[in-house]
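Presented below is the structure to which this report refers.
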Number of protein chains: 2
Amino acid sequence: MDDNLMEFRTSTNVPEVTVRRLCQYSRHLEDLRDQGVKNISSKALSELMQIKDSQLRKDLAYFGAFGVRGLGYDVEGLSSRLATILGTVKPYSVAVLGAGNLCAALTSYPGFKPHGFHIQALLDNDENKIGREFHGIQVYDVKRLPEVLEMHGIEIVIVTVPVKIAQELFDQCVECGIKAFLNFAPLRLMHDRTKVKVADVDASCSLKVLSFFLTQSEE
Amino acid sequence: MDDNLMEFRTSTNVPEVTVRRLCQYSRHLEDLRDQGVKNISSKALSELMQIKDSQLRKDLAYFGAFGVRGLGYDVEGLSSRLATILGTVKPYSVAVLGAGNLCAALTSYPGFKPHGFHIQALLDNDENKIGREFHGIQVYDVKRLPEVLEMHGIEIVIVTVPVKIAQELFDQCVECGIKAFLNFAPLRLMHDRTKVKVADVDASCSLKVLSFFLTQSEE
DNA sequence: AATTGTGAACCTCTTCACAGCT
DNA sequence: AGCTGTGAAGAGGTTCACAATT
């Protein structure tokens, strides 16, 4: 008998690249629906994303058969199926570690709330920020982390604190049972991949990737 | 004879995942050097990143042989070789499209400048922002885009504007000869991959990926 | 006639395993 | 003895090509 810990890679074993493409499909379908388009073929939708139509069909095949042969996909129907698959039909409670400039950008970003990600609490160690509000969201003392996560029923934590303290605060969140993290700190947070999911957003790494490609193309 | 346009995928054809890991190696080596560590084995370095040692060695093999059999790698030496490979030995001039909250986070972020990415100009269409400074950096009218890019010798453009206007401004930059973009807008910018490199940083997509994994693990 | 769903082929990246060097 | 560099094997993701369906 092998270990029965909750595994993030499920039996269907959907690759992360596929999930990221589902997000894009979802976005385009919402646009198309708003434009009054009722139906679309895999060819037309895939061209909007500069990918192959077979890629789109294979991605969907992980979850079922949503189209009609000869006709294509119902825009509204596929859109809502994708929302169900992505789990964005129900809202999430989110907390942000670090109430700095990036946190300001996140709290004022209009794209999260309509998609069901509600930032409920901010945490910082700066006395000047604690107790104040940021775009209507309370800043708590990071020392009260476990209590605040519990109180707001937080399911996702966004990490925007400096590298030095990121791992320690992250570990605290994991101990409190948080299973999903969006990490903006430029380090790999050490964690057990069978228990916790971390999505890294690393702008400085992306800049270096650009630097690499610019350097290559000069030769 | 096939087309002779500058290709980003060079003859060595290094996968992007490898380049991203090179950034991580580089980061860890700088830390190790600062801690006074002189030498490290592929096993020890790879464990810091939770990857296999063979992965690290294969990544380096795209560029040459930098280690000593039986001994491992010289921390200082490998660190500087990686900086050369990544192209981060020379500085880059960067402009940011959109002088909002995200731009504020970027200009105040201490991680860019020391790695040679110098934000030289900000561009916006808000009359209240044009002509002012943001952390000591001038905000220009986005109508003057070509002139500003030219004047500052901009090599990399960071896109932080709303989706509606992102593609149009992006196209203008491409026409001006910009070849590298860091895109924070939640859309895929349509472009010719043989001429331009776009690195996407899409937090709302990453949140949905987390949502997907949370949904999966509930079952 | 058009377009999906899918097995098979293909390609890319990862891991293994060991020869070769210090 | 220890550790790198690398060919070969393995795993994973993409594309092809066509039978199945409307």
Side-chain angles (χ1 to χ4, degrees), chain A residues 7-25 29 32 37-75 77-79 81-82 85 188 193 209 212, chain B residues 7-25 29 32 37-75 77-79 81-82 85 188 193 209 212:
Chain A
E7 262 286 358
F8 273 118
R9 281 238 153 184
T10 53
S11 50
T12 43
N13 235 40
V14 184
E16 184 160 329
V17 274
T18 289
V19 182
R20 297 198 84 88
R21 281 191 300 262
L22 294 181
C23 297
Q24 315 282 339
Y25 303 147
L29 288 165
L32 290 162
V37 178
K38 296 292 179 209
N39 205 273
I40 191 160
S41 69
S42 61
K43 186 126 200 301
L45 182 51
S46 67
E47 273 167 6
L48 291 175
M49 291 175 47
Q50 301 185 283
I51 61 168
K52 290 273 191 309
D53 55 339
S54 55
Q55 176 80 83
L56 163 45
R57 295 199 300 276
K58 259 285 191 276
D59 285 340
L60 296 180
Y62 283 105
F63 305 98
F66 307 126
V68 182
R69 290 173 196 223
L71 293 175
Y73 301 89
D74 176 65
V75 170
L78 185 55
S79 179
R81 296 298 294 269
L82 288 180
I85 291 165
R188 276 281 151 77
R193 284 172 208 193
V209 171
F212 173 81
Chain B
E7 262 286 357
F8 273 119
R9 281 241 154 183
T10 52
S11 49
T12 44
N13 235 37
V14 184
E16 184 161 328
V17 276
T18 290
V19 182
R20 296 198 83 88
R21 281 191 299 263
L22 293 182
C23 297
Q24 313 284 339
Y25 302 148
L29 287 165
L32 289 163
V37 179
K38 297 293 179 209
N39 205 274
I40 192 161
S41 69
S42 61
K43 186 125 201 299
L45 182 51
S46 66
E47 273 166 7
L48 291 174
M49 291 175 50
Q50 301 185 281
I51 61 168
K52 290 274 192 306
D53 54 340
S54 55
Q55 175 79 84
L56 163 45
R57 295 198 301 274
K58 260 285 191 277
D59 285 340
L60 297 180
Y62 283 105
F63 305 97
F66 307 126
V68 181
R69 293 176 194 219
L71 292 173
Y73 301 90
D74 177 64
V75 170
L78 184 55
S79 178
R81 296 298 294 270
L82 288 179
I85 291 165
R188 275 281 152 76
R193 284 172 208 195
V209 172
F212 173 80

Handout entry: Summary of protein contacts for nucleotides 16-22 of chain D, nucleotide by nucleotide, where a base hit scores B, a sugar-phosphate-only hit scores S (4.0 Å, heavy atoms)
Key = BB-BBBS
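Of the candidate nucleotides C:dT14, D:dT4, C:dC13, C:dT14 has the atom nearest to the side chain of B:Q55. Each of C:dT14, D:dT4, C:dT3 was ranked by its minimum atom distance to the side chain of B:Y73; first place goes to D:dT4.
The salt bridge (charged side-chain N to carboxylate O under 4.0 Å, His left out) test applied to B:R81 returns no partner, not counting sequence neighbours. Here A:K43 pairs with A:S41, A:E47, A:D53 under the side-chain contact (heavy atoms from CB on, under 4.5 Å) rule; sequence neighbours left out. Taking the side-chain contact (heavy atoms from CB on, under 4.5 Å) definition, one finds that A:V17 meets it with A:P15, A:R21, sequence neighbours left out. Checked against side-chain contact (heavy atoms from CB on, under 4.5 Å), A:V37 has the following partners two or more places apart in sequence or in another chain: A:L32, A:Q35, A:V75. Scored by the side-chain contact (heavy atoms from CB on, under 4.5 Å) test, A:I85 finds A:L22, A:F63, A:F66, A:L82, B:F212 as partners (sequence neighbours excluded).
Distance A:N13 CG to D:dT14 C1': 17 Å, rounded to the nearest Å. The separation between B:D59 atom CG and D:dT4 atom P is 14 Å, rounded to whole Å. One interatomic measurement links the two molecules: CZ of B:R21 to C1' of C:dT15, which rounds to 12 Å at whole-angstrom precision. If you take CG of B:D74 and P of D:dT4, they are 13 Å apart, rounded to a whole angstrom. The distance between atom CG of B:L60 and atom C1' of D:dC3, rounded to the nearest whole Å, is 13 Å. A:L56 has its CG atom 12 Å from the P atom of D:dT15, to the nearest Å. Atom C1' of nucleotide C:dA2 and atom NZ of A:K43 are separated by 12 Å, given to the nearest angstrom. Atoms CD1 (A:I51) and C1' (D:dG13) sit 13 Å apart, rounded to a whole Å.
The side chain of B:S41 places no N or O atom within less than 4.0 Å of a non-bridging phosphate oxygen (OP1 or OP2) of D:dC3. A:R20 has no side-chain polar atom (N or O) that falls below the 4.0 Å cut-off from OP1 or OP2 of D:dG13.
Minimum interatomic distance between B:L45 and B:L29 (heavy atoms only, all atoms of both residues): CD2-CD2, 4.1 Å. Closest of all the heavy-atom pairs between B:I51 and B:Y25 is CD1-OH, 3.4 Å.
Along DNA chain D, the nucleotide nearest A:T18 and the nucleotide nearest B:G72 are compared for position; the residue whose nucleotide lies closer to the 5' end is B:G72.
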